[in-house]
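Along the sequence shown, residues carry numbers from 1. Since the structure is predicted, the reported quantities are computational estimates derived from the model, not experimental observations.
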Amino acid sequence: MENQTEKISGVVQDIIFQNDDNGYTVAEIYCDGEDVVCTGYLGNIYPGEKLSLSGLWTVNSTYGRQFKAEMCSREMPETSEEMLSFLSSGLIKGIRDKTAQKIVALFGNDTFRIIKDNPERLSRIKGITKERAREISKSFKQLEGERNALISLEKYGLSDKECIKAYKAMGNRCVALVEENPFILCGFDIGISFDKACEVASRLPVSPPEMYRREAGIIYILKHNLGNGHTCIPRKALYAPACEMLGCGDDECDEVIDSLITQNRLVSFQTDTKELVFLPQMYKAEKSSADSLLFLKHFAVGKSERISSEIENSSLISGVVYNEKQLLAIKTAAEKGILILTGGPGTGKTTTLRGILSVFESRGLDVCLTAPTGRAAKRMSELTGKEAKTIHRLLEAGWDENEKQVFQRNRRKPLECDAVIVDELSMVDSLLFAALLDALPIGCRLVLVGDSDQLPSVGAGNVLHDLIHSKTIPVVKLDEVFRQAMESLIVTNAHKIVDGEYPDLSCRNRDFFFIECKNPLDCAALVSQLYSKRLPDAYNYNLFDDIQVLCPSKKGSVGAENLNSLLQSAVNPPSIKLREHKFGSRIFRENDKVMQNKNNYNIGWELDGKPGKGIFNGDIGVIKRIDEQNRLFEILFDDKLTFVPFENSQELDLAYAVTVHKSQGNEFRCVILPVTGVPEMLTYRNLFYTAVTRAKEIIVLAGSRETVRAMVDNDRRQKRYSGLKYFMAYGDTGA
């Protein structure tokens, strides 16, 4: 019966497809007299291996009836036929088909014992020397160790995917390590939560020491809060969540924290008012960023008698008359070697940036332009006329043998440039910022551009805010709105919002529109009409490139998830001409607008015929083709034709509607913003301001005036704990 969990068992005949990164496998298994195609996260299974599977029977439109495995347990082959199939697979170094046949013919069901315990007996076979026999035995034992580890870990409730990751992280000792301290699983990038580690601990024959659980719990709290933007937590702020989760008191919590600090698994830093507790990676990132910036500050270029004439030449060439703040910014960038340039819309950041670039180039400096996202880099290129790269591309992002992110450009191999200008700094997190600073050559000038009133980065850290409030490096804030910009209600209303004033919602003939709609369900229907019909018809906008729905929340009637479903049905409904792929409750269809929701450095792409790898969180694209045979999406992300395996479907979201947080660094010709049914925790000013400033030509607010006023009134910024401002203020004495 379809859709009912069943169990089957059989011997692996053939591996049709296998993803080494996540263990997703398509295999042919001989079961009850027939060959069955099985799919799922089966791990590194091999021909000849015996499997017991539980899962569901499904019907694939292209490949027919398949068994979708949810759990898999395995056994080493037992009969001579199973052993022959296993050895013939080529997994054992030194054994191929003919050699496998000779070995099994000579030793039969005793083959595996001979290979493992008496390998010298293999030399009786022509062509196998004693040295080759030892190599065969070594390879076999290594593979058997992996198999035994996976079999042992499965009984503690770990999935095949988790077992594979655990084995890759810890090697042959992984079973012993897990049985001694199951909470070690939380310390690797395995994807195992603290709760899951607790479940594993409950299945062990001997309970691990309570200290292990408490140490893992404290680290879990800090890791969890990275997702909330915190690079550190004050020690006293750890007490409440730790005591609730671990069932201990403040004194016991202190004991655990002290132990972790002694083991160098946490780092403590004392400010004037509180003690901050960091994960080592985050401490290193923020501390090294501060050290690098202070070094740049003390490596100031010095005053130049030519600066006035250089600025005058820039003004003549561009036809721009700079105001006092803009002149100060250009001069500071040229003489100090480091500058933060900030300001709201219409204040001339782009004009000032062009002036700085002009002066740098007049001095013969090689300048790199960079931004955190592909769209932000593309816009930077359009505004300056110079090539701009994403920070990841500039630093030549890659990965090591353990699939960890690495950058080819670093202190040992710095960037080959004299100056770096970074746009949209507000969305750069602490780890990426540290990597960028690490790659700057000695004497490099650095200009950091951003809007300090926007939301902070999605990743942990509060870089722009911290640098400004540290008051240690030059900051120029542009606050004069130019006359031509004042003609835009988007600009004037954005400044009103920042100043705590209500935006003008009455004008209906400019670029800022408000449509009253208090009921969230009616609002969702209105947003669908605006997106699919009214705005494209009125302004000749392209649905996929020009209009973007931004939502304060993912959930609810006017949240991104529900609106994506409505908008997909409205503008890209099912069709016999369009292939589609279902993942959970989501359906991805050819021509769908999608967003990548996680950095993935392994995804391949082509740009102008040249290959590359890496798609990043927040990248927006369109599904051009769904390739069922090769199980791939072909997606066009910012001119890069990208090949995304079906197994990575969880890293994709529909992107007709996205959250305001996900829109950072992007700019759209037209924005639709629902402002009703907004959760109280998301009803705040800088989220509203960020949404409004994403619109280039038109923004349409659909909702209630009460919600608009509530968002303006609430100047409560999301609290972020971070250490960069303290490290900057204390210089290099804080370690």
Side-chain angles (χ1 to χ4, degrees), residues 17 19 21-22 24 61-62 371-379 389-390 392-393 397-399 405 458 531 542-550 554 560-561 563-565 567-575 577-659 662-668:
F17 171 83
N19 186 319
D21 294 329
N22 59 20
Y24 182 84
S61 57
T62 303
T373 67
R375 288 200 169 202
K378 186 176 182 180
R379 190 174 75 250
K389 299 178 180 180
T390 63
H392 286 88
R393 186 178 166 208
W399 49 95
Q405 176 187 316
V458 174
Y531 184 92
N542 179 287
L543 285 171
F544 295 91
D545 295 331
D546 299 334
I547 309 176
Q548 184 62 57
V549 178
L550 301 183
K554 288 181 67 175
E561 290 180 355
L563 287 178
N564 269 318
S565 180
L567 296 173
Q568 183 190 44
S569 298
V571 303
N572 195 35
S575 168
K577 297 180 180 179
L578 299 174
R579 288 179 286 261
E580 57 184 43
H581 175 72
K582 186 174 183 180
F583 177 76
S585 61
R586 286 177 289 174
I587 294 175
F588 296 106
R589 192 171 293 131
E590 288 176 335
N591 296 334
D592 268 338
K593 185 177 182 179
V594 293
M595 175 180 276
Q596 179 76 10
N597 61 38
K598 179 182 178 182
N599 288 348
N600 190 318
Y601 304 95
N602 295 307
I603 298 292
W605 49 259
E606 290 180 1
L607 177 62
D608 298 329
K610 297 180 180 179
K613 283 190 175 184
I615 297 297
F616 305 108
N617 189 0
D619 285 352
I620 296 176
V622 175
I623 298 176
K624 306 304 290 184
R625 191 165 80 96
I626 293 178
D627 184 346
E628 284 283 354
Q629 183 173 356
N630 294 304
R631 299 181 57 79
L632 289 172
F633 298 106
E634 291 186 11
I635 305 175
L636 195 64
F637 283 110
D638 290 323
D639 301 326
K640 293 181 290 192
L641 185 60
T642 309
F643 308 97
V644 179
F646 284 175
E647 307 87 75
N648 294 91
S649 295
Q650 74 275 9
E651 296 179 2
L652 293 174
D653 290 316
L654 292 174
Y656 301 102
V658 302
T659 63
K662 285 287 189 179
S663 74
Q664 288 176 266
N666 292 323
E667 187 177 71
F668 311 96

- prompt: So, do Gln548 and Ser663 sit near enough that their side-chain heavy atoms are less than 4.5 Å apart?
  reply: no
- prompt: Any side-chain heavy atom of Lys598 sitting closer than 4.5 Å to one from Gln650?
  reply: no
- prompt: Is there a side-chain contact between Ile635 and Leu652 (heavy atoms, below 4.5 Å)?
  reply: yes
- request: Could you check if a side-chain atom of Asp653 sits within less than 4.5 angstrom of a side-chain atom of Asn564, using non-hydrogen atoms only?
  value: no
- line: Test side chain to side chain contact (heavy atoms under 4.5 Å, CB included), reference Val594, set Val622, Val644, Ile623, output is Ile623
task: Can you sort out the partners of Glu667 under salt bridge (charged side-chain N to carboxylate O under 4.0 Å, His left out), two or more places apart, ordered by chain and number?
output: Arg379
message: Could you tell me if the side chain of Phe668 sits less than 4.5 Å from the side chain of Ile547, heavy atoms only?
response: no
- request: Decide yes or no for Ile603 and Pro645: does some side-chain heavy atom of the first lie under 4.5 Å from some side-chain heavy atom of the second?
  value: yes
query: Which residues satisfy the side-chain hydrogen bond (donor to acceptor under 3.5 Å, both in side chains) test with Glu580, sequence neighbours excluded?
result: Arg589
- prompt: Who passes side-chain hydrogen bond (donor to acceptor under 3.5 Å, both in side chains) against Tyr656, sequence neighbours left out?
  reply: Asp592
field: Residues which pass side-chain hydrogen bond (donor to acceptor under 3.5 Å, both in side chains) with Arg393, listed by chain and number, not counting sequence neighbours
entry: none
message: Checking Asp627 now: which residues fulfil salt bridge (charged side-chain N to carboxylate O under 4.0 Å, His left out) with it, not counting sequence neighbours?
response: Arg625
query: In chain order, what residues pass the side-chain hydrogen bond (donor to acceptor under 3.5 Å, both in side chains) check against Glu590, with sequence neighbours excluded?
result: Arg579
message: Just so I know, are the side chains of Phe17 and Asn630 near enough to count as touching, which here means a heavy-atom distance under 4.5 Å?
response: no
message: Please find the pair of heavy atoms, one from Pro573 and one from Ser569, that lie closest to each other, and give the distance.
response: CB-O, 3.5 Å
query: Are the side chains of Lys593 and Leu567 in touch, meaning some heavy atoms are under 4.5 Å apart?
result: no
